[in-house]
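Below, chain A is the first sequence line, B the second, and so on; all start at residue 1.
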2 protein chains.
Amino acid sequence: MYVTSPVSFFENSQAVCARFVNEGNAGHSHISHVPAGHRLFCDGDDADYIYEIMEGVVRTSKLLSDGRRQVLSFGYPGDIAGLSHDHFYHSDCEALSGVTLRLHHKNAFNVSFENEPDFNNELLKYAAAEVNNMQEHFIMLGRKSATEKVASFLITLMDRVGQKNDCNTCFELPMCRSDIADFLGLTIETISRTLTKLRAEGVIELPKKQQVLVCKPSALRALAERN
Amino acid sequence: MYVTSPVSFFENSQAVCARFVNEGNAGHSHISHVPAGHRLFCDGDDADYIYEIMEGVVRTSKLLSDGRRQVLSFGYPGDIAGLSHDHFYHSDCEALSGVTLRLHHKNAFNVSFENEPDFNNELLKYAAAEVNNMQEHFIMLGRKSATEKVASFLITLMDRVGQKNDCNTCFELPMCRSDIADFLGLTIETISRTLTKLRAEGVIELPKKQQVLVCKPSALRALAERN
DNA sequence: CGAAGTATTGACTACCTTCAAAAATTGTGG
DNA sequence: CCACAATTTTTGAAGGTAGTCAATACTTCG
């Protein structure tokens, strides 16, 4: 069953990354699969579900009336999407790859989930960690240069999903250049130019368009913090 | 008693703005006053308290090692500061004016506040609303021009603390230009130039440096969304 | 193989920053 | 209350980073 409701949130940021763990498994949940490119929910829809990502990657974003877009987060396994403070989603969420989700029906709780204290506590922990991650991203958007943004982004993914071989670390980019651009507050051209520059400097390699090999992790980390 | 512990969060953003309301008044709390310019807490300190702002304004911010700063939020009455996903604060928090606070001692709860379900639920509601507000601010930082940023910022304050007289709305700016600049990801010069431009266009007046009179609210709203 | 979409590269522009100085505001001591 | 210093804000000029517009290359898919 492919859900087509609205909003979510999540953030894959630096250091701290408390994962959502639903130990109690409150009962009012079920597993669902969504293929790549399909919507989980849209801005404005009734917020019926909270989505726990088990496999795959999702993208949450917001649109301005003039078409500008801000990607809010890329949701990886362990993240949740669709948390709302009211009865509506306030962003769009789409599967970037095939995803496996656990859906928690909100009618089973009320707006504040009072009937499920354990689930509630997990959500609070997750939300607090999320706030912390989003604060890191504020620095990214507000105070970092293009190079620092791209380097920071690559490091986040490397630390979270990178496969280590020898001194290299390899990972996939399930999102396209424009997703990265709209996540970092840049244009696709700047993303492309910056990746080309990092490649020219021997810091990374791009075996495929959507695959990154980090050759000099320490150099990449240095670039993430200085101009 | 002037607390000098660390970190917090909050955000004063658009439309939705669920205020924190501690109805239960869990008992493990007390009132405190902090004068203007004093610290509530610092990045890295033990997160012993959650701060409920009752009067005045606080500023939370993060510093990069090279001195760049990102202001995360301005906390007004009804906001909370100091929420943490672990045992430490991850930002600095300072009183911009004299503030009255209700302090909730974290030792009374544990990390996830399991012993206080009502307080917990209020926190979750607040955190979810906070995440929503922060997502709005992502758009601000990532996709808006300087004029749009300043206009959006003024509208947020106008809607939240503005005093209506006739067709004008007046409010104070308890923060200085550099605080605004570091909140919006701009420089103080750009803030100043943009305010000057808005004044020249008759959209606002600045009777004092830290006082704003919005003469054309609809024009200001238009500027907040277009280039 | 050709078409469509995505990514890269190039040339030019513009917005915001940086550097610098003047003006305004605030605070302190006589 | 005034004078002077210190800080903050405003204004000006010049420069740089990232954006825009445009063309080419690459990838994917029919």
Side-chain angles (χ1 to χ4, degrees), chain A residues 35-37 59 64 66-71 96-97 140-154 172-201 204-212 223 226-227, chain B residues 35-37 59 64 66-71 96-97 140-154 172-201 204-212 223 226-227:
Chain A
R59 178 198 66 218
L64 285 179
D66 60 5
R68 282 176 292 181
R69 185 182 70 151
Q70 179 67 42
V71 169
L96 291 179
S97 62
M140 185 102 124
L141 291 172
R143 285 290 170 231
K144 290 194 175 184
S145 69
T147 301
E148 290 173 320
K149 284 177 177 179
V150 172
S152 300
F153 177 68
L154 294 178
E172 300 292 320
L173 291 178
M175 68 292 290
C176 66
R177 298 293 188 264
S178 71
D179 289 336
I180 300 174
D182 288 343
F183 183 59
L184 299 179
L186 298 169
T187 61
I188 53 173
E189 292 94 334
T190 299
I191 300 297
S192 184
R193 276 186 249 272
T194 306
L195 288 175
T196 299
K197 194 184 71 174
L198 292 178
R199 201 173 37 176
E201 291 168 353
I204 62 169
E205 283 176 29
L206 299 170
K208 301 172 188 173
K209 303 274 175 194
Q210 307 221 331
Q211 195 174 52
V212 180
L223 285 170
R226 302 172 222 290
N227 266 306
Chain B
R59 178 198 67 220
L64 285 179
D66 60 5
R68 282 177 293 181
R69 186 181 70 151
Q70 179 66 43
V71 169
L96 290 179
S97 62
M140 184 101 124
L141 291 172
R143 286 289 170 234
K144 290 195 175 182
S145 69
T147 301
E148 290 173 319
K149 284 178 177 180
V150 172
S152 301
F153 177 68
L154 293 178
E172 300 291 320
L173 292 178
M175 67 293 288
C176 66
R177 300 292 188 264
S178 70
D179 288 336
I180 301 173
D182 288 342
F183 183 60
L184 299 179
L186 298 168
T187 60
I188 53 173
E189 293 94 332
T190 299
I191 300 297
S192 183
R193 275 185 249 272
T194 305
L195 288 174
T196 299
K197 195 186 69 175
L198 293 177
R199 200 173 37 176
E201 291 168 354
I204 62 169
E205 284 176 29
L206 300 171
K208 301 172 186 174
K209 302 275 175 196
Q210 308 221 332
Q211 196 174 52
V212 180
L223 284 170
R226 302 174 222 287
N227 264 309

Handout entry: Any donor-acceptor pair under 3.5 Å from A:Ser152 side chain to A:Glu148 backbone
Key = yes
Handout entry: Interatomic distance, A:Glu148 CD vs D:dG16 P [rounded to whole Å]
Key = 18 Å
Handout entry: Minimum-distance pair of heavy atoms, taken over all atoms of A:Lys149 and A:Met140
Key = CE-O, 3.1 Å
Fill in the blank from the handout: From CZ of A:Arg68 across to C1' of D:dT20 the rounded distance in Å is 15 Å
Problem - Between C1' of D:dG19 and CG of A:Leu184, the distance in whole Å - result: 15 Å
Handout entry: Nearest-angstrom distance from the residue atom CG of A:Asp179 to P of C:dG5
Key = 17 Å
Handout entry: Whole-Å distance separating the NZ atom of B:Lys208 from the P atom of C:dA23
Key = 24 Å
Exercise for the section: Answer whether the closest heavy-atom distance between the side chains of B:Val212 and B:Leu195 falls below 4.5 Å. Expected result: no
Exercise for the section: For the pair B:Leu184 and B:Thr190, evaluate side chain to side chain contact (heavy atoms under 4.5 Å, CB included) and give the outcome as yes or no after the intermediate values. Expected result: CA-CA 10 Å; B:Leu184 299 179; B:Thr190 299; over 6 Å; no
Completion exercise
Residues B:Leu141 and B:Phe183: closest non-hydrogen pair is CD2-O, 3.5 Å
Fill in the blank from the handout: When rounded to whole Å, the CD1 to P distance for the pair A:Ile180 and D:dA18 reads 16 Å
Completion exercise
From CG of B:Leu141 across to C1' of C:dC16 the rounded distance in Å is 15 Å
Exercise for the section: Identify, with sequence neighbours excluded, every residue that meets side chain to side chain contact (heavy atoms under 4.5 Å, CB included) alongside B:Gln210. Expected result: B:Leu173, B:Cys176
Fill in the blank from the handout: Rounded to the nearest 0.5 Å, the NZ atom of B:Lys209 sits from the CZ atom of B:Arg177 at a distance of 7.0 Å
Fill in the blank from the handout: Minimal heavy-atom distance between B:Thr187 and B:Ala181, with the atoms involved, is C-CB, 3.5 Å
Handout entry: Pairwise 5' ranking along DNA chain C for A:Gln210 and B:Leu186, keeping only the more 5' one
Key = A:Gln210
Practice task
For the helix from C:dC1-D:dG30 to C:dG30-D:dC1, measure the angle between the helix axis at one end and the axis at the other, each built from five pairs, rounding to 10°.
Solution key: 40°
Completion exercise
From CG of A:Asp182 across to P of D:dA18 the rounded distance in Å is 17 Å
Problem - Check: A:Arg68 side chain, B:Arg143 main-chain N or O, donor-acceptor pair, under 3.5 Å - result: yes
Any N/O pairs under 3.5 Å between the protein and nucleotides 8-10 of chain C? List them or say none.
| residue | atom | partner | partner atom | Å |
| --- | --- | --- | --- | --- |
| C:dT8 | OP1 | A:Arg177 | NH2 | 3.2 |
| C:dT8 | OP2 | A:Arg177 | NE | 2.9 |
| C:dT8 | OP2 | A:Ser192 | OG | 2.9 |
| C:dT8 | O5' | A:Ser192 | OG | 2.9 |
| C:dT9 | OP2 | A:Thr196 | OG1 | 2.5 |
| C:dG10 | N7 | A:Arg193 | NH1 | 2.8 |
| C:dG10 | O6 | A:Arg193 | NH2 | 3.2 |

